[in-house]
Asks: 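I'd like to ask some things about the structure below.
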There are 2 protein chains.
Amino acid sequence: MGKQKILDSDLLEGLAKVFRSKGYDGANLSELSIVTNLKKASLYHRFPDGKKEMAEAVLIHIEEWVDKNIFDPLENKKVSPKKRLKNALIEIYNSYNGGKDNCIFRALSLEPGSELFQEKIGIGIQKWISAFEKLGLALNFTEEKSHEYAVQTLIDIQGSLVLTKGLNSTKFFENALKGIESRYLER
Amino acid sequence: MGKQKILDSDLLEGLAKVFRSKGYDGANLSELSIVTNLKKASLYHRFPDGKKEMAEAVLIHIEEWVDKNIFDPLENKKVSPKKRLKNALIEIYNSYNGGKDNCIFRALSLEPGSELFQEKIGIGIQKWISAFEKLGLALNFTEEKSHEYAVQTLIDIQGSLVLTKGLNSTKFFENALKGIESRYLER
DNA sequence: TACATCTTACCGAACGTACGGTAATTTTTA
DNA sequence: TAAAAATTACCGTACGTTCGGTAAGATGTA
């Protein structure tokens with residue numbers, strides 16, 4: 001019975017799950033150890049800089065996932081803008097587990113720890129806004145409207161996630177996604 | 001030069017400041033002690049059940065403040081609905097320090113600790129929705145529209161606070177409040 | 001091919017520290 | 001002067017981190 005290498009993707013998804021639900025300070029090494037099937041010392045083998053490096057790796061992992069599964073398809077000119085939007089909303093719905101999971105940005109923006117990730121989070125949010133701005137333009141909205149709608153899209157997602165958590169009902173998130181779709185598609 | 005008795009309101013505001021910025025787990029007794037000018041053991045004299053009781057007291061304190069400074073004026077029939085809305089938005093703006101401060105609901109809805117406050121938070125959010133529903137009715141919107149607008153008001157506030165924090169710019173919060181106002185006032 | 005060496009992946013045990021919390025005592029207040 | 005409030009000194013525990021070490025695959029060399 002030899003030692004199996006834990007796959008990077010499994011590892012990062014385990015870490016992500018904890019950081020998303022507990023934030024930086026609330027995520028403790030014991031639990032990170034359990035969800036990754038790796039003892040604490042082994043986590044330090046993978047991440048010599050410790051918890052901070054783990055959270056950063058999670059942020060990067062999620063960013064890559066979003067690039068590939070949301071941003072790239074959203075800008076794929078071989079598909080109609082309407083279809084692109086619909087696909088993106090489905091991906092968003094699933095990636096937040098229908099509204100039951102937190103956003104990593106929100107989880108990591110509480111002190112202590114927020115200073116460490118502030119810059120990465122800012123860039124990440126900016127990328128979301130840009131992606132939806134491009135969609136707006138592709139749907140022939142003005143630059144101004146495209147920006148306004150992009151910002152409102154993020155606000156709807158983030159705000160509805162807060163209500164979904166606070167009132168323990170996914171309907172807010174679901175309705176928000178529907179609202180985003182009709183804002184773009186109903187002229 | 002004797003020691004001054006710490007006033008309940010100052011005490012709770014100090015505690016609130018820490019819980020809002022750090023969440024339940026991130027708030028530690030050393031800092032709660034410093035910000036209240038009370039040694040740890042003295043905090044335990046005031047709150048025998050410890051940190052949990054402190055966070056609950058903060059939640060209650062904020063709820064009372066909101067009742068008095070936002071909900072009551074918002075339902076005061078001696079003032080026109082339009083004026084009531086404008087006053088409420090000003091109070092909201094100031095109470096979030098122009099967008100720079102977190103919402104206590106959001107701060108306390110991360111694990112660990114979220115279980116402890118889930119119910120109180122749910123009731124609190126529900127009260128916000130109800131208050132804005134009544135405003136919508138007073139402004140002669142249908143019940144359905146009043147509900148829709150009330151939910152969207154909370155989403156705009158919460159979502160814009162996330163963007164404000166994440167991008168370190170209060171313009172998102174400011175614009176959201178303007179958007180709320182015009183949604184109610186521009187027919 | 002065969003064996004030695006290097007490297008990767010992992011782990012048990014322990015470290016110093018900071019945590020939430022408590023007991024005993026002094027100070028303040030009325 | 002008695003009760004209430006605040007303080008000092010302390011406790012057990014859980015935290016993030018580090019150390020010393022093992023198993024096993026990869027690489028180098030004859």
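Quick note on labels: first sequence line is chain A, next is B, and so on, each numbered from 1.
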Asks: Kindly say if A/Arg46 contacts the phosphate of C/dC10, meaning a side-chain N or O under 4.0 Å from OP1 or OP2.
Replies: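 Checking C/dC10 against A/Arg46, a side-chain N or O does come within under 4.0 Å of OP1 or OP2.
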Asks: What nucleotide among C/dG21, C/dC19, D/dT18 has an atom nearest to a side-chain atom of A/Tyr44?
Replies: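 Nearest to the side chain of A/Tyr44 among the choices is D/dT18.
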Asks: By nearest nucleotide on DNA chain D, pick out whichever of A/Ala27 and A/Ala41 is the more 5' one.
Replies: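 Checking each residue's closest nucleotide, the 5'-ward one belongs to A/Ala27.
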Asks: Please state how far atom CG in B/Leu29 lies from atom P in C/dG21, giving the value in whole angstrom units.
Replies: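 Answer to the nearest Å: 6 Å.
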Asks: Have A/Glu91 and A/Ser95 got a donor and an acceptor in their side chains that come within less than 3.5 Å?
Replies: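 Judged by distance alone, the side chains do not pair up.
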Asks: Is B/Lys39 near enough to D/dA6 that one of its side-chain N or O atoms lies under 4.0 angstrom from OP1 or OP2?
Replies: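 Result: no.
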Asks: Could you check how far CG of A/Leu11 sits from P of C/dC10, rounded to whole Å?
Replies: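 Atom CG in A/Leu11 sits about 8 Å away from atom P in C/dC10.
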Asks: Is the closest basic N to carboxylate O distance between B/Glu63 and B/Lys120 below 4.0 Å?
Replies: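 Salt bridge between B/Glu63 and B/Lys120, a charged N being under 4.0 Å from a carboxylate O: no.
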Asks: Under 4.0 Å between a side-chain N/O of B/Ser42 and OP1 or OP2 of D/dT7, yes or no?
Replies: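 For D/dT7, OP1/OP2 do have a side-chain N/O of B/Ser42 under 4.0 Å.
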Asks: Would you mind reading off the distance between B/Asp25 atom CG and C/dA18 atom C1', rounded to a whole angstrom?
Replies: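 Taking CG of B/Asp25 and C1' of C/dA18, I get 13 Å after rounding.
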Asks: Cation-pi check, A/Lys51 to A/Tyr24: give yes when NZ or CZ is under 6.0 Å from the six-membered ring centre and within 45° of the ring axis, no otherwise.
Replies: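 Here A/Lys51 passes the 6.0 Å and 45° test against A/Tyr24.
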Asks: Less than 4.0 angstrom between a side-chain N/O of A/His45 and OP1 or OP2 of C/dA9, yes or no?
Replies: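 So the side chain of A/His45 is within the cut-off, an N or O lying under 4.0 Å from OP1 or OP2 of C/dA9.
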Asks: Separation of A/Lys51 atom NZ from C/dA18 atom C1', in whole Å?
Replies: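 The answer, rounded to whole Å, is 13 Å.
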Asks: Taking CG from A/Leu43 and P from C/dA9, how many angstroms apart are they, rounded to a whole number?
Replies: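 After rounding, the gap between these two atoms is 13 Å.
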Asks: Would one find a side-chain N or O of B/Ser30 under 4.0 angstrom from OP1 or OP2 of C/dC19?
Replies: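 Checking B/Ser30 against C/dC19: at least one side-chain N or O falls below 4.0 Å of OP1 or OP2.
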Asks: What is the separation between atom CG on B/Asn37 and atom C1' on D/dA5, rounded to the nearest whole Å?
Replies: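 Computing the B/Asn37:CG to D/dA5:C1' distance gives 15 Å.
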Asks: Looking at OG of B/Ser109 and CD of B/Glu115, how far apart are the two atoms once the value is rounded to the nearest 0.5 Å?
Replies: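 Reported to 0.5 Å precision, the distance equals 11.0 Å.
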Asks: Measure the distance from NZ on B/Lys52 to P on C/dC19 and round it to the nearest whole Å.
Replies: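 So the two atoms are 22 Å apart, to the nearest Å.
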Asks: Is the shortest distance from a Lys or Arg side-chain nitrogen in A/Lys145 or A/Glu148 to a carboxylate oxygen in the other one below 4.0 Å?
Replies: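 Counted as a salt bridge, because a side-chain N and a carboxylate O are separated by less than 4.0 Å.
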Asks: Report the distance from atom NZ of B/Lys40 to atom P of C/dA18, rounded to the nearest whole Å.
Replies: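 Nearest whole value for this atom pair: 12 Å.
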